[in-house]
There are 4 protein chains.
Amino acid sequence: MVIIYPKFFSLEQEKQERIINAALKEFAQNGYERASTNEIIKEAEISKGSLFSYFNSKKELYLFLLDYVVKVIDKIYDEVDWKETDIFKRIKAIGLAKFKIYKRSPQAFNFLKAVAREDAVEVKSEVNKLEKNITESGLERGYQNIDLTKFREDIDIQKTINIINWTILSFAEQQRDKVNSMEDIGMEIFKEWDEYFDIMKRCFYKKEEE
Amino acid sequence: MVIIYPKFFSLEQEKQERIINAALKEFAQNGYERASTNEIIKEAEISKGSLFSYFNSKKELYLFLLDYVVKVIDKIYDEVDWKETDIFKRIKAIGLAKFKIYKRSPQAFNFLKAVAREDAVEVKSEVNKLEKNITESGLERGYQNIDLTKFREDIDIQKTINIINWTILSFAEQQRDKVNSMEDIGMEIFKEWDEYFDIMKRCFYKKEEE
Amino acid sequence: MVIIYPKFFSLEQEKQERIINAALKEFAQNGYERASTNEIIKEAEISKGSLFSYFNSKKELYLFLLDYVVKVIDKIYDEVDWKETDIFKRIKAIGLAKFKIYKRSPQAFNFLKAVAREDAVEVKSEVNKLEKNITESGLERGYQNIDLTKFREDIDIQKTINIINWTILSFAEQQRDKVNSMEDIGMEIFKEWDEYFDIMKRCFYKKEEE
Amino acid sequence: MVIIYPKFFSLEQEKQERIINAALKEFAQNGYERASTNEIIKEAEISKGSLFSYFNSKKELYLFLLDYVVKVIDKIYDEVDWKETDIFKRIKAIGLAKFKIYKRSPQAFNFLKAVAREDAVEVKSEVNKLEKNITESGLERGYQNIDLTKFREDIDIQKTINIINWTILSFAEQQRDKVNSMEDIGMEIFKEWDEYFDIMKRCFYKKEEE
DNA sequence: GATGAATGAGCCTTCATTCAT
DNA sequence: GATGAATGAAGGCTCATTCAT
């Protein structure tokens with residue numbers, strides 16, 4: 001399961017990045033199957049033989065990138081303030097962290113976005129595994145240390161958190177389809193986001209909170 | 001724009017179904033581009049020449065399936081009781097109709113799910129057209145005649161309906177990922193579903209509803 | 001070598017003609033290989049099975065047409081006045097006969113023209129055989145009973161006749177490339193033709209002829 | 001318009017020739033449309049992928065060959081003595097040059113012959129361009145600097161030159177059909193050729209020439 | 001270690017021919 | 001005898017992977 005790529009990692013940093021970015025970009029733009037190794041080597045300015053000596057196949061390259069983006073996600077969580085106990089503020093903090101990371105490595109985000117839509121049989125099982133992983137560990141971490149006493153007492157809190165979560169994710173996806181690139185994102189999105197938060201706070205929290 | 005396929009429709013029912021199901025399955029699993037007509041004819045047990053005499057190209061076959069699933073969706077709406085004005089009962093009715101149809105043609109559902117992720121240039125415009133169609137007519141019909149007075153007055157109703165909708169869809173997707181086949185689905189899922197409804201009803205409706 | 005097609009010949013005259021004309025046209029327009037039996041049956045309004053029961057293959061159909069046009073050519077020679085002994089008048093008579101026949105069955109001429117350019121391996125040998133046949137029997141008949149005393153005595157008459165013949169054929173081919181269809185042919189071509197005749201008469205005949 | 005094929009030209013000479021000859025042969029025998037790249041690679045003993053990496057498509061391969069044969073033709077004219085002003089000696093010089101080139105690359109000649117009959121839409125315009133080119137530059141060069149005073153004054157010189165030209169070409173074609181390979185060609189053909197020249201000289205030149 | 005030419009299985013599509021009705 | 005649905009070999013072309021240099 002754990003494969004390391006000694007040949008690749010012994011390359012100079014800059015070359016590694018060139019290859020990773022070229023590959024992320026190509027897979028993000030075209031999906032697994034339609035992505036062309038030719039385009040990747042052209043963009044990364046390396047030879048065909050090199051690519052296949054670092055990784056052994058297109059599939060392994062893809063799997064490597066999957067691992068790579070997991071680390072990027074981890075960085076997001078590192079930037080979040082885990083002391084904040086209000087769930088909506090926490091979610092917001094995570095969202096902002098994501099946004100900052102995106103600014104730093106947009107390729108990884110686009111790739112991740114594409115991964116979510118990937119359905120090539122050859123990599124499907126790995127993709128699903130990753131997704132389950134992310135979701136679970138995300139939830140675990142994401143909702144650690146949350147102050148659950150703020151919630152109304154007549155509702156199932158875990159399910160309510162699910163509703164909040166699904167709402168955020170679905171809203172994000174809806175926005176993603178609206179904008180062409182993350183560059184377009186402005187503050188008005190965050191404003192609309194807050195409006196959803198307000199509804200949920202008003203409905204799911206006890207009367208006199210905050 | 002409206003092409004009919006007389007050769008295909010004059011086949012015996014059973015063969016038509018074999019072909020449709022084989023094609024739906026292959027496209028659902030692999031997306032437009034990577035789907036192989038070879039696999040389709042193998043699964044449907046027909047010859048290459050036949051497939052291309054019924055439909056004229058891979059693209060037309062795909063477009064035909066697009067039309068086909070629209071009809072499946074329409075059947076869903078035909079089974080729904082549109083006189084019911086309570087939004088949760090309405091959603092439940094739609095959900096049950098979907099479920100019944102799914103039992104009858106599961107391939108169509110998987111295909112539709114794949115269509116949503118399709119980005120092959122060759123069929124993109126048609127896919128988009130369909131999606132716009134479904135979304136619009138879906139929303140139009142889905143939320144027609146709903147009694148909005150039941151909602152609390154201190155929240156934006158349209159946004160609240162979005163939350164309800166996203167919750168239902170996300171819940172359904174989550175369930176879909178859990179079970180391997182729809183065969184496994186039992187009543188306990190509907191029970192859990194109702195629990196989400198209860199939370200939302202309790203939170204989004206006025207105090208004294210029913 | 002001699003194959004007859006009893007099934008075909010027992011059809012009613014009108015149907016035979018429909019098939020022949022459709023086939024001549026399709027082969028003339030597209031050459032042997034690119035010609036489509038589908039187009040032929042569509043134009044002739046018969047079924048696929050019928051075509052292949054009359055003739056057994058595309059190749060036999062083509063060979064049949066080859067035979068058919070030979071008969072058309074024979075008709076040309078039947079219309080020529082073989083009593084005329086002057087070679088140039090004879091050639092002109094043949095040319096005019098060709099022209100008249102063309103008016104009656106242009107398809108056959110276009111087919112013949114296409115045959116001359118045919119190079120499909122599958123029918124090449126038969127085409128060559130036919131061409132040799134036509135050329136030889138054409139020359140035999142064409143130059144029967146010619147008054148050779150008109151020619152100068154210091155030149156080889158057979159070779160001179162070859163020169164005349166080649167000149168006529170090459171001139172005709174040149175004209176054929178210029179005009180798009182036989183419809184365009186006017187009298188000015190015959191005038192230019194006569195000018196070549198004049199040169200040759202002046203040069204190859206004895207001084208004081210006629 | 002001018003495409004070069006660096007991948008192809010960087011192959012070793014012998015391989016280039018194998019490919020060129022295989023392609024010339026296949027196109028000559030079958031015409032553009034019916035020629036099979038499969039046959040070409042089989043004959044040239046290269047792989048499918050290779051052929052399409054050198055040239056990008058069947059069409060480009062064909063166009064490349066068109067260019068190639070133009071160069072062969074140019075070589076012919078380079079070997080001709082353009083100071084000779086007698087038309088028959090000039091024609092003979094051209095004929096001999098052609099013959100020598102033919103010995104070196106017979107495939108090119110057969111290809112050129114097939115090109116003249118080509119009517120595939122995909123390459124028609126290029127073929128026509130080439131033909132116009134050849135015809136014009138051929139006539140221009142071929143009959144440059146000819147001493148026209150040798151001709152009789154009572155005939156149209158241009159038409160007479162046409163007759164001479166057609167005779168030569170037709171004679172050559174007749175010979176080509178008689179022999180199976182150019183290996184068979186001996187001096188007796190040139191002897192017969194001279195006899196035609198003698199007739200024409202005697203008839204078309206003024207009485208007291210040379 | 002790096003290169004990129006070579007490979008060949010696989011893609012979609014066409015069409016002459018067969019054969020059950 | 002007539003039909004046309006079914007067949008499958010062959011077409012041009014792509015691309016991940018290999019391997020001699």
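Quantities reported herein were computed from a predicted structural model and do not represent experimental measurements. Below, read A as the first sequence line, B as the second, and so on, with proteins coming before strands; counting in each chain starts at 1.
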note = The side-chain contact (heavy atoms from CB on, under 4.5 Å) partner of A:Ile46 among A:Ile40, A:Ile19, A:Leu11 is A:Ile19
Counting only side-chain N and O atoms of [X], is one of them less than 4.0 Å from OP1 or OP2 of [N]?
X	N	answer
A:Lys48	E:dT3	no
D:Ser36	F:dG12	yes
A:Ser47	E:dT3	yes
C:Ser53	F:dG1	no
B:Asn38	E:dC11	yes
C:Ser50	F:dT3	yes

key: Pairwise 5' ranking along DNA chain E for D:Leu11 and A:Tyr54, keeping only the more 5' one   =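 By nearest-heavy-atom nucleotide position, the 5'-most residue is A:Tyr54.
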task = Let me know, please, whether B:Lys59 or D:Glu45 comes out on the 5' side of the other along DNA chain E by nearest nucleotide.
result =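 It is D:Glu45 whose nearest nucleotide is closer to the 5' end.
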request  = Using whole Å, report how far NZ of A:Lys42 lies from P of E:dT3.
outcome  =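 From A:Lys42 NZ to E:dT3 P: 16 Å.
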Atom-pair distance (CD1 on A:Ile40; P on F:dT17), nearest Å = 11 Å
task = Identify the nucleotide, in any strand shown, that forms a Watson-Crick or G-U wobble pair with E:dT21, with both distances under 3.5 Å; if there is none, say none.
result =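 Matched E:dT21 with F:dA2 under the 3.5 Å cut-off.
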message = Is the ring pair B:Phe27/B:Tyr32 parallel, tilted or perpendicular, if the boundaries are 30 and 60 degrees?
response =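 Correct class here is parallel.
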message = Less than 4.0 angstrom from a charged side-chain N to a carboxylate O is my criterion; do A:Lys42 and A:Glu39 meet it?
response =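 Here A:Lys42 pairs with A:Glu39 in a salt bridge, since their nearest N and O are under 4.0 Å apart.
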ask   = Would the C:Tyr62 and C:Tyr68 ring centres measure less than 6.0 Å apart?
value = no
note = In this structure, OH of B:Tyr5 is separated from CG of B:Leu61 (nearest 0.5 Å) by 8.5 Å
request  = Give one of base, sugar-phosphate or nothing for B:Ser10, where a contact means two heavy atoms less than 4.0 Å apart.
outcome  =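 It contacts nothing in the nucleic acid.
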inquiry  = Quick check for you: among F:dC13, F:dA16, E:dT13, whose closest atom lies nearest to any side-chain atom of B:Thr37?
reply    = E:dT13
Per A:Lys15 side chain, nearest of listed nucleotides F:dA16, E:dA2, E:dA16 = E:dA2
inquiry  = Which is more 5' along DNA chain F, the nucleotide nearest D:Glu33 or the one nearest B:Lys7? Just name the residue.
reply    =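 On the 5' side of the pair lies B:Lys7.
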